[in-house]
*Asks:* 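Okay, here's the structure, questions in a sec.
We number each residue from 1, following the sequence as shown. All values derive from a computational prediction rather than experimental measurement.
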Amino acid sequence: MGSAMSAAGGNGRGDSARTTPLRVDAQRNLEHVLRAAREVFGELGYGAPMEDVARRARVGVGTVYRRFPSKDVLVRRIAEEETSRLTDQARAALGQEDEPWSALSRFLRTSVASGAGRLLPPQVLRVGVDEGADGARVPQQRTQPGSGELRLVPEGSSALSADSAVDDTGAAALLEVVGQLVERARAAGELRADVSVSDVLLVIATAAPSLPDPAQQAAASARLLDILLEGLRSRPV
């Protein structure tokens, strides 16, 4: 009897020992898939196939689909995380930098360095501009293609599915806080009057060409951002 109970207890511990690594492995696989998805979608856009994500994560595509039953679910997860990250970075710049230009440039440098701008969904990147009552340019979400649209992802069904990746609340929060950075810098006379929120988002989404040497890549990205920032600044008349 005692030996039976001992054996049962031993089996219970053995079952627990076997299930714990599975949970750890599942969490590790999830982290690998999310990291791979950020890299692949950041390089190729949201039109990249799930097989590319699985290959980069070094897992089977079935493992990816077990965690994310459709590509739309994975795209939504990545897009929401990156939109939220950019929003937090913009709020941090607003709260921690007294000078308007320092706040805007800090946000741009932090965002470009994190690579989050390359993962923004189309609904955030396609920002039109209208003239407000006071003549200021204000962000406006576009629902139909137009000449002022920023289309930075491939056309097709995958792009359209990514278009609904972030709910309106998340997109609006990002546009609102970036709008504050833009308005502050413009009011201080440090930002060109014709620069809009869409221009700032375009800068964030612009990346230097991929280079094999990490140091050269970092230097090229920094140089490109310096040039773009100079293009945003106002000049004395």
*Asks:* Can you sort out the partners of Arg85 under salt bridge (charged side-chain N to carboxylate O under 4.0 Å, His left out), two or more places apart, ordered by chain and number?
*Replies:*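 Result, salt bridge (charged side-chain N to carboxylate O under 4.0 Å, His left out) vs Arg85: Glu82.
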
*Asks:* Which atoms form the tightest heavy-atom contact between Leu120 and Tyr46, and what is the distance?
*Replies:*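 Smallest heavy-atom distance, with atoms named: O-CE1, 3.9 Å.
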
*Asks:* Assess the residue pair Leu74 and Ile78 against the criterion (side chain to side chain contact (heavy atoms under 4.5 Å, CB included)); give the C-alpha distance rounded to whole Å, side-chain angles, the decisive distance to 0.1 Å, and a yes or no.
*Replies:* CA-CA 6 Å; Leu74 178 58; Ile78 297 299; 4.2 Å; yes

*Asks:* Can you tell me how far the CZ atom of Arg76 sits from the OG atom of Ser70, to the nearest 0.5 Å?
*Replies:*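 One finds 9.5 Å between CZ of Arg76 and OG of Ser70.
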
*Asks:* Are the charged groups of Arg184 and Glu190 less than 4.0 angstrom apart, N to O?
*Replies:* no

*Asks:* Between Ser111 (side chain) and Leu108 (backbone), is there a donor-acceptor pair under 3.5 Å?
*Replies:* no

*Asks:* How long is the span from the CD atom in Gln216 to the CZ atom in Arg223, to the nearest 0.5 Å?
*Replies:*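 The CD atom of Gln216 sits 15.5 Å away from the CZ atom of Arg223.
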
*Asks:* Starting at CG of Leu119, measure out to CD1 of Ile204 and round the result to the nearest 0.5 Å.
*Replies:*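 Output value for this atom pair is 12.5 Å.
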
*Asks:* What closest approach, in Å, do Gly170 and Thr87 show between heavy atoms, and which atom pair accounts for it?
*Replies:*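 Closest approach of Gly170 to Thr87: O-OG1, 4.5 Å.
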
*Asks:* Would you say the side-chain atoms of Arg186 pair up with the backbone N or O of Val195, donor to acceptor, closer than 3.5 Å?
*Replies:*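 Here the side-chain-to-backbone pair exists.
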
*Asks:* Is a donor from one side chain sitting under 3.5 angstrom from an acceptor on the other, for Gln89 and Thr110?
*Replies:*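 Looking only at side-chain atoms, Thr110 and Gln89 do not form any donor-acceptor pair under 3.5 Å.
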
*Asks:* So does Val59 get a backbone contact from the side chain of Thr63, meaning a donor-acceptor N/O pair under 3.5 Å?
*Replies:*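 No; judged by distance alone, with no hydrogens or angles, the pair does not exist.
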
*Asks:* Could you check whether Glu81 pairs with Arg77 (Lys NZ or Arg NE/NH1/NH2 to Asp/Glu carboxylate O, under 4.0 Å)?
*Replies:*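 A salt bridge is present here (some side-chain N lies under 4.0 Å from a carboxylate O).
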
*Asks:* What's the verdict on side chain to side chain contact (heavy atoms under 4.5 Å, CB included) for Phe41 and Asp52, showing C-alpha distance, side-chain angles and the deciding distance?
*Replies:* CA-CA 9 Å; Phe41 292 149; Asp52 284 3; over 6 Å; no

*Asks:* Does Glu43, at its CD atom, have more than 12 non-hydrogen atoms belonging to other residues, nucleotides or ligands within less than 6.0 Å?
*Replies:* yes

*Asks:* Could you check whether any side-chain N or O of Ser84 sits under 3.5 Å from a backbone N or O of Glu80, counting only pairs where one atom can act as donor and the other as acceptor?
*Replies:*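 No; zero donor-acceptor contacts below 3.5 Å.
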
*Asks:* Quick one: does any side-chain atom of Lys71 pair with a main-chain N or O of Ala48 as donor and acceptor, under 3.5 Å?
*Replies:* yes

*Asks:* Please identify which of these residues, Leu181, Leu94, Val112, Val177, meets the side-chain contact (heavy atoms from CB on, under 4.5 Å) condition with Phe107.
*Replies:*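 Result for side-chain contact (heavy atoms from CB on, under 4.5 Å) with Phe107: Leu181.
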
*Asks:* Would you say that Leu229 contacts Trp101 through its side chain, given a criterion of any heavy-atom pair below 4.5 Å between the two side chains?
*Replies:*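 With C-beta onward as the side chain, the pair touches.
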
*Asks:* Before accepting this row, confirm whether a basic side-chain N of the pair Arg109/Asp226 lies closer than 4.0 Å to the acidic partner's carboxylate O.
*Replies:*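 A salt bridge is present here (some side-chain N lies under 4.0 Å from a carboxylate O).
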
*Asks:* Measuring from atom CG of Leu201 to atom CG of Leu175, what distance do you get when rounded to the nearest 0.5 angstrom?
*Replies:*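 Here the interatomic distance stands at 6.5 Å.
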
*Asks:* Supply the atom-to-atom distance Asp88 CG to Ser114 OG, rounded to the nearest 0.5 angstrom.
*Replies:* 11.0 Å

*Asks:* Which pair of heavy atoms, one from Arg192 and one from Gly231, lies closest together, and at what distance?
*Replies:* NH1-O, 2.7 Å

*Asks:* Could you check Phe68 against Val75 for side chain to side chain contact (heavy atoms under 4.5 Å, CB included), going step by step and ending with a plain yes or no?
*Replies:* CA-CA 9 Å; Phe68 302 96; Val75 165; over 6 Å; no

*Asks:* For Val203 and Leu225: C-alpha separation, side-chain torsions, deciding distance, then whether side chain to side chain contact (heavy atoms under 4.5 Å, CB included) applies.
*Replies:* CA-CA 8 Å; Val203 169; Leu225 182 55; 3.9 Å; yes

*Asks:* Which atom pair, heavy atoms only, marks the closest approach of Ser102 to Ser105?
*Replies:* O-OG, 3.2 Å

*Asks:* Nearest 0.5 angstrom please: Glu230 CD to Ile227 CD1, how far?
*Replies:* 9.5 Å

